[in-house]
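Note that the numbering runs from 1 along the sequence shown for the chain.
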Amino acid sequence: MEFLTGIVERITFENEDNGFSVIKIKSRDFPDLVTVVGNMAAVNVGAVVKLQGEWKFDSKFGKQFSVHKYIEKVPATIAGIEKYLGSGLIKGIGPVNAKRIVSIFKEDTIRVIEEEPDRLIQVGGIGSKRVEMIKKAWQEQKEVKNVMIFLQSNGVSTAYAVKIFKTYGNESIKVVEENPYRLADDIWGIGFKTADKIAQKLGFDKNSFERCRAGIIYVLNELSNEGHCYAVRKQLVDETIKMLELTEENINTTLDKMIEEKSVILDQEELIFLPPFYFSEVGVTRRLREIVYEPKKQGHVDVNQLIQNIEEECKMQYDAVQIEAIKVAARSKLMVLTGGPGTGKTTTTLAIIRVFEKMQYKVLLAAPTGRAAKRMSEATGMESKTIHRLLEYRPPEGYKKNEENPLECDVLIIDETSMVDLILMYNLLKAVSNDTILLLVGDVDQLPSVGAGNVLKDIIDSGIADVIRLNRIFRQAQSSMIITNAHKINKGEFPKLRGNKGSDFFYIEEDDPQKMLDQIKELCKKRLPGYYKVNPIDDIQVLCPMQRGEIGAHNLNVILQEALNQSPISIKYGGTQYRLNDKVMQIKNNYDKIVFNGDVGKIVGIEAEDKIVRIKFDENEVEYDLTEMDEVVLAYATTIHKSQGSEYKIVIAPFAMQHYMMLQRNLLYTCITRAKKVLVLVGSLKAVGIAVGNNKNIRRNTLLAKRLKEYTEDTPKDDNVNLH
């Protein structure tokens, strides 16, 4: 082993997932900068490093010092201190403030920040608020550094260190040493596999209860991410055995103990639920039954006359199915209105609202997402809220509207109900009075919700609701190839791909993946914005069957960001360069920020010195600490699953054979129905044909339809379970 000491001049490469870095240091013993490679936990520019390692020769990069161990020390010279503080090490100090601070305190700067930080108020441009920020950040970076070094020595990503410290504070190392599997439960982004890696390094027994329990929870969570509410016991045990490489006895013993302590729920002798999904499913069943069986308010109205009056006022004529829908809504307690694009769902809903208003009923409108709520408001001329806003969600208290404080309305209409997952539906129904009329509007042929459950389909299948299905495509919609092709696909017919110049549906045949990428880039950057005079970032959306792969959303985002957004204002986190004006998507529910999985926003501010990114989602502007940016991904391209409930002026949809595993009819149907003005399908005829022909939708494990059919008053109730 050899030793090398120097000052970090620059960081050439840093992999936040594993801590591997390439840095350049200035050492007295060498005339030129020395390249150093190895795992160095968030080493900072300007720091003095003492390295232990060996010299190696790389055929491409030449002579390098490969690090085995290192110690980082704060610099002693004025120039070194300025570079160190200006490197982004401390939130609140960038290059400008670093220069100001060092110009006053000189070589004493580090001691002042460490021992007398309140003296920083003497520096021009630094107020009391920033002093407090710097004090907190200085202390945190010292503690985080300890956590980073500890994690790195146990083979774990340094990127998680800040999150771990934020969760456990000074107890971080102690918590990890005692039970690393807690990380998988407590910290988003750290899954079972990461926690298990730490545990193995720390010498935890592979057969321990903690490991078996964490493995079972992980498998159940993975199934819920695929939309399932439960696992069959044998399936759960088999998958956990395979993952943990343990015996059936180990897993069964652990599972029995978990059932006994109610950390999982056993139902119908062999079905295993995580508690939130079990109590939500039972709760939705109970609430829908209570609403349906509550006698309707008595009122004698001539609905036929009301419909006739509305037709005269609006100068329009409803068809037989629409009239039937209006009549059913007027007499029903629970109704589902479903149908594809162009079948008059919005027109029918508007007519139903007018009938209820003439009956002197108070009507409330809501939808799962901000965009869907906005569309509903524009279509009806009434206020429509997101379900979370309607329920007055306030972190950390939760939903203010609930069984004790229900919504004040006679009629509640929910649009885009196919998007509503099981847990959100339960929270909604808890706030609905038994005497309320509930109208659920949505397209049941679309993909089911991103979250677990298949609520709209289950309600229809159960027979508990009055269901009206609109099938007729209205004349004004028949000229749209988007609408006619959507209906063709839904019937299993191959779409018409050749459109004329004025068409809203275009197909570009291309089998070669690289040429597909080139086509999509050209369409986004030049052809579509030039012809339709649209903003390529705001108005064009690429929708992919998959996240991964050459024609996947992840790779397309890298290509499209480079093509469409050259803003010099940027900040890097986790291998992604986020730029001002980037289109981004939230990928987890964040109840504190009131931003939810699938919400699309735009980066409207980047404060590199304070490590803050500001993102605007519709009217909601939210501040993200840099360490929270793993909740966000670029959204120039996104998966079709994540696009539910949204509409875009122009959609570009790549369908290739490399998407084979995802090629399903409802996926293609959902994709096409997202386009409002233009749809451009790019790809292989064979891939489109496979998608149209594959109507074997993946069945979700849910018992809601069965429970609704078999409901009894003895069903368990637990409204206090944490449903977030």
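With rounding to the nearest 0.5 angstrom, the CG atom of L634 is 11.5 Å from the CG atom of L556. Taken from OH in Y318 to CD in Q308, the straight-line distance is 12.5 Å, to the nearest 0.5 Å.
Between the side chains of Y532 and D539, no donor-acceptor pair is found at a separation under 3.5 Å. Looking only at atom types and distance, the side chain of N454 has no donor-acceptor partner in the side chain of T702 under 3.5 Å away. For the residue pair K642/N597, the side-chain donor-acceptor check at 3.5 Å is satisfied. T670 and Q446 share no side-chain donor-acceptor pair at under 3.5 Å.
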*Applying side chain to side chain contact (heavy atoms under 4.5 Å, CB included), run through D415 and L365 and close with a yes or a no.*
CA-CA 8 Å; D415 198 14; L365 311 178; over 6 Å; no
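For the salt bridge (charged side-chain N to carboxylate O under 4.0 Å, His left out) test, residues two or more places apart in sequence or in another chain that qualify with E647 are R375. Partners of D538 under the salt bridge (charged side-chain N to carboxylate O under 4.0 Å, His left out) rule, at least two apart in sequence or in another chain, are K602. Applying the side chain to side chain donor-acceptor pair (under 3.5 Å) test to K362 and every residue at least two apart in sequence or in another chain returns nothing. Listed by chain and residue number, R707 satisfy the salt bridge (charged side-chain N to carboxylate O under 4.0 Å, His left out) test with D267 (two or more places apart in sequence, or in another chain). Partners of M481 according to the side chain to side chain contact (heavy atoms under 4.5 Å, CB included) rule, which considers only residues two or more places apart in sequence or in another chain, are T484, N485, K496, S503, D504, F505.
For R472 and D319, the salt-bridge test passes: some basic side-chain N is under 4.0 Å from an acidic carboxylate O. Salt-bridge check for D466 with K327: failed, with every basic side-chain N at 4.0 Å or more from each acidic carboxylate O. Taking 4.0 Å as the cut-off between side-chain N and carboxylate O, R700 and E281 do not count as a salt-bridged pair.
When each of H487, R665, K457, R469 is checked for a side-chain hydrogen bond (donor to acceptor under 3.5 Å, both in side chains) with D445, only R469 meets the rule.
The aromatic rings of Y278 and F273 sit perpendicular to each other, their planes meeting at more than 60°, with 30° as the lower class boundary.
The number of heavy atoms from other shown groups lying within 6.0 Å of NZ (K358) is above 12.
Side-chain atoms of I307 and I310, non-hydrogen and from C-beta on, never get closer than 4.5 Å to each other.
For S462 (side chain) and I459 (main-chain N/O), a donor-acceptor pair under 3.5 Å exists by modelled atom type. When atom types are taken as modelled, the side chain of H228 and the backbone of N701 share a donor-acceptor pair closer than 3.5 angstrom.
Annotation: ring pair (Phe, Tyr, Trp, His ring centres under 6.0 Å) contacts involving residues 341-360, sequence neighbours excluded, comprise F356-Y361.
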